[in-house]
Amino acid sequence: MSNPVISIAVDKLLALGLRVSDSIHYQLSPRELIENCLCKKEGILNDSGALVIHTGAFTGRSPKDRYIVKDETTAHCIHWNEFNQAIDEKHYHNIFKRMTDYLNAVPEIWIRDCYACAETQYRLNIRIITETPSMNLFAYNMFLRPEEEELEEFKADWHILAAPHLKLNAEQCGTRQQNAVVISFKQKMVLLAGTGYTGEIKKAIFSVLNYILPAREKVLSMHCAANMGEDGDTALFFGLSGTGKTTLSTDSRRKLIGDDEHGWNGAGVFNFEGGCYAKCIHLNPETEPEIFQAIHSGALVENVQFFKNTNRINFEDGSITENTRVSYPLNYITNAQTPSIGNIPENIFFLTCDAYGILPPIEKLNPGQAMYHFISGYTAKVAGTETGITEPKSTFSACFGAPFMPLHPAKYAAMLGQKIKDHKVRVWLINTGWSGGPYGVGTRIKLCYTRAMINAAIENKLDRVDYEIHPVFGIAIPASCPNVPTELLNPRNTWADKQLYDEKARHLAKQFIENFRKYETAVPEEILAAAPKF
């Protein structure tokens with residue numbers, strides 16, 4: 001133990017119902033945490049020195065088991081839906097008591113003080129108390145790290161209790177099953193029980209910020225990556241998992257501000273986090289060298305397999321899950337921006353992996369279309385990514401992050417739309433999915449072409465080209481783009497059967513329209529007018 005009493009107020013731990021003893025490890029270094037993990041057989045090292053763990057039964061988030069406490073603080077401002085599920089205070093207190101009793105009974109616990117938001121005026125101090133050293137290492141990697149002299153006066157704004165091996169009694173705790181993530185805005189507490197998936201930790205705090213910043217600070221919180229050029233031009237990359245958000249924002253020619261979560265205030269954008277949480281399925285050193293090189297000592301790799309009789313990771317193996325992940329501090333990326341703050345964005349990219357092969361690889365959006373596609377948050381899952389999916393399946397996730405948005409999507413869209421207009425930001429829809437037909441028929445758009453299109457947009461090379469309007473989606477398609485085959489730009493041209501393309505385009509448009517019905521009464525006519533037409 002590193003004598004936690006020096007830096008942790010004893011009365012604060014006692015107030016949480018936690019005992020203070022020699023079984024507490026406070027603010028251990030990554031090296032010490034990795035040693036703890038190895039001693040507890042919680043993971044092993046790969047050939048580059050990264051810690052590799054399995055997260056158990058849960059290899060991804062469990063949105064159906066995430067709850068927000070419904071009380072006088074939240075009752076009338078949370079957008080209650082299938083993601084923002086209500087749980088009453090009685091059950092919250094029951095789960096909290098079970099968790100503190102459990103953490104008091106385990107042989108050891110790990111405590112870390114950290115914070116979110118690189119912009120100091122919005123800083124959110126977090127104290128995370130974990131049952132396992134690997135979850136503590138994840139917190140070290142993903143949150144911002146206070147200087148040692150700051151720890152003596154550190155006061156936590158929020159607490160996280162994480163007990164992955166605690167199984168809840170669902171009937172007594174008001175949960176769906178034995179695992180749960182419970183957020184209390186009144187108590188400023190996050191409870192994680194029964195799941196070892198580390199990503200639940202960062203997304204819980206993201207949800208907290210998505211409630212606090214827009215409502216109280218008038219800051220737009222965003223599920224996006226951000227980078228900045230040498231001249232200070234900033235670009236944002238919105239997208240759901242698997243669309244290329246981390247890959248495309250991690251560009252050796254531009255400084256990485258962050259790969260997942262940001263705020264946008266009057267001066268510019270700022271990262272919420274201190275690290276990256278990259279997917280590593282099919283990771284390749286040729287196409288994603290920065291991420292590949294970040295997998296070394298201190299990095300935490302989840303749910304991968306090794307090549308037989310080696311400790312070398314087989315990044316092509318998705319037998320445990322397609323959602324293989326690696327977390328590492330932002331400074332593991334050689335061209336990371338420090339501090340992780342950027343200017344007012346000049347370009348915004350909405351990324352979608354369209355497995356139907358309908359949407360163009362790049363198109364320009366007007367403000368109304370931008371807000372429409374932002375609220376829609378479209379991508380498509382391909383066959384095999386989830387049990388039961390045998391053909392492409394549409395996914396609509398409002399604001400490209402519905403499970404983390406406690407307020408109504410129209411609130412975030414209105415803020416984004418105003419900023420786009422105020423600063424004359426250019427908005428682009430990028431399809432990183434299929435061309436020439438759907439998954440199984442067409443081919444995946446090459447990463448080099450997608451990078452070329454993004455670079456052309458950032459470098460203003462698409463300002464002087466002709467555009468044609470898609471007959472169904474009404475979006476503007478550039479007629480040419482440097483370093484991209486012209487025939488690739490209009491997806492209809494890449495299909496052998498043009499009538500089949502038209503039919504499938506109408507089918508996808510109907511899905512957009514049907515999904516948007518739930519938002520029609522909450523958005524202005526400008527957004528409604530951007531819907532597909534046929």
Side-chain angles (χ1 to χ4, degrees), residues 1-40 42-43 49-51 53 99-100 103-104 106-118 120 123-164 188-192 196 198 200-202 204-205 208 271-277 296-300 327-332 338-340:
M1 186 182 72
S2 305
N3 193 3
V5 182
I6 293 175
S7 300
I8 309 177
V10 173
D11 58 336
K12 295 295 184 183
L13 289 180
L14 295 175
L16 291 175
L18 295 172
R19 57 184 171 82
V20 178
S21 72
D22 287 343
S23 65
I24 293 176
H25 302 277
Y26 176 69
Q27 215 72 1
L28 296 192
S29 68
R31 180 184 59 78
E32 292 170 313
L33 289 170
I34 290 170
E35 289 175 355
N36 286 179
C37 288
L38 296 176
C39 289
K40 294 174 68 66
E42 196 178 330
L51 181 68
I53 66 167
M99 290 196 70
T100 53
L103 290 172
N104 281 331
V106 297
E108 300 170 280
I109 61 173
W110 286 260
I111 298 179
R112 177 158 302 281
D113 287 340
C114 47
Y115 67 96
C117 295
T120 55
R123 175 169 167 169
L124 188 77
N125 284 350
I126 305 161
R127 177 163 293 152
I128 178 166
I129 301 168
T130 66
E131 177 191 0
T132 63
S134 61
M135 277 193 160
N136 207 270
L137 177 62
F138 178 84
Y140 174 89
N141 286 346
M142 294 309 303
F143 293 116
L144 289 155
R145 296 162 284 278
E147 298 295 335
E148 188 171 348
E149 58 270 19
E150 297 179 87
L151 295 174
E152 292 185 14
E153 302 297 327
F154 188 93
K155 294 181 180 179
D157 300 310
W158 276 73
H159 284 82
I160 301 176
L161 304 185
K188 297 184 178 179
M189 179 71 67
V190 177
L191 307 177
L192 283 82
T198 59
E200 295 280 21
I201 296 172
K202 80 184 219 87
I205 291 298
V208 169
N271 196 351
F272 289 166
E273 303 182 298
C276 299
Y277 193 42
H296 58 78
S297 180
L300 179 65
S327 67
Y328 48 84
L330 192 61
N331 59 19
Y332 277 30
T338 304
S340 47

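Just so it is clear, the model here is predicted, and its values are computed rather than measured. FYI, side chains are in, hydrogens and waters are out, and symmetry mates aren't considered; it's all heavy atoms of this structure. We're numbering straight along the sequence, starting at 1.
Leu33 CG to Trp110 CH2: the interatomic distance, rounded to the nearest 0.5 Å, is 8.5 Å. Remark: Glu35 CD to Leu51 CG distance equals 11.5 Å, nearest 0.5 Å. Rounding to the nearest 0.5 Å gives a distance of 10.0 Å between CD1 of Ile160 and CE of Met189. If you take CD1 on Ile128 and CD1 on Ile201, they are separated by 4.0 Å, rounding to the nearest 0.5 Å. The line from CE of Met142 to CD1 of Ile205 is 12.5 Å long, rounded to the nearest 0.5 Å. To the nearest 0.5 Å, atom CD1 of residue Ile129 and atom CG of residue Leu161 are 5.0 Å apart.
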Intermediate values then yes/no, side chain to side chain contact (heavy atoms under 4.5 Å, CB included), Ile111 and Leu13 | CA-CA 10 Å; Ile111 298 179; Leu13 289 180; 4.0 Å; yes

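Summarising the geometry of His159 relative to Ala156, their closest heavy-atom pair is CE1-CB, 3.8 Å, with the distance given to 0.1 Å. Contact record, Ala204 with Val190: CB-CG1, 3.6 Å, taken as the closest heavy-atom pair. Across Met99 and Leu192, no two heavy atoms sit closer than the pair CE-O, 3.1 Å. The minimum heavy-atom distance between Ser134 and Leu300, with the atom names listed, is O-CD2, 3.6 Å. Nearest approach of Cys114 to Phe154, heavy atoms of both residues: O-CZ, 3.3 Å. The minimum heavy-atom distance linking Asn104 with Gly17 is given by the pair ND2-O, 2.7 Å.
By the 4.5 Å heavy-atom criterion applied to side chains, Leu18 and Leu103 are counted as neighbours. Counting heavy atoms from C-beta outward, Ser29 and Tyr140 have side chains that stay 4.5 Å or more apart. Side-chain contact between Pro164 and Glu200: absent, with no pair of heavy atoms (C-beta onward) separated by less than 4.5 Å. Counting heavy atoms from C-beta on, the side chains of Glu32 and His25 never come closer than 4.5 Å. Within the 4.5 Å cutoff, the side chain of Leu330 has heavy atoms near those of the Ser340 side chain.
Other residues, nucleotides and ligands contribute at most 12 non-hydrogen atoms within 6.0 Å of the CD atom of Glu148.
For Arg145 (side chain) and Gly274 (main-chain N/O), a donor-acceptor pair under 3.5 Å exists by modelled atom type. Without hydrogens or angle criteria, Arg112 side chain to Ile126 main chain gives no donor-acceptor distance under 3.5 Å. For Gln27 (side chain) and Asp113 (main-chain N/O), a donor-acceptor pair under 3.5 Å exists by modelled atom type.
Less than 6.0 angstrom separates the ring centroid of Tyr277 from the ring centroid of Phe138.
Partners of Ser327 under the side-chain hydrogen bond (donor to acceptor under 3.5 Å, both in side chains) rule, at least two apart in sequence or in another chain, are Asn141. In this structure Glu131 satisfies the side-chain hydrogen bond (donor to acceptor under 3.5 Å, both in side chains) test together with Tyr102, His165, sequence neighbours excluded.
Residues Asn125 and Arg127 have side chains that never bring a donor and an acceptor to within less than 3.5 angstrom of each other.
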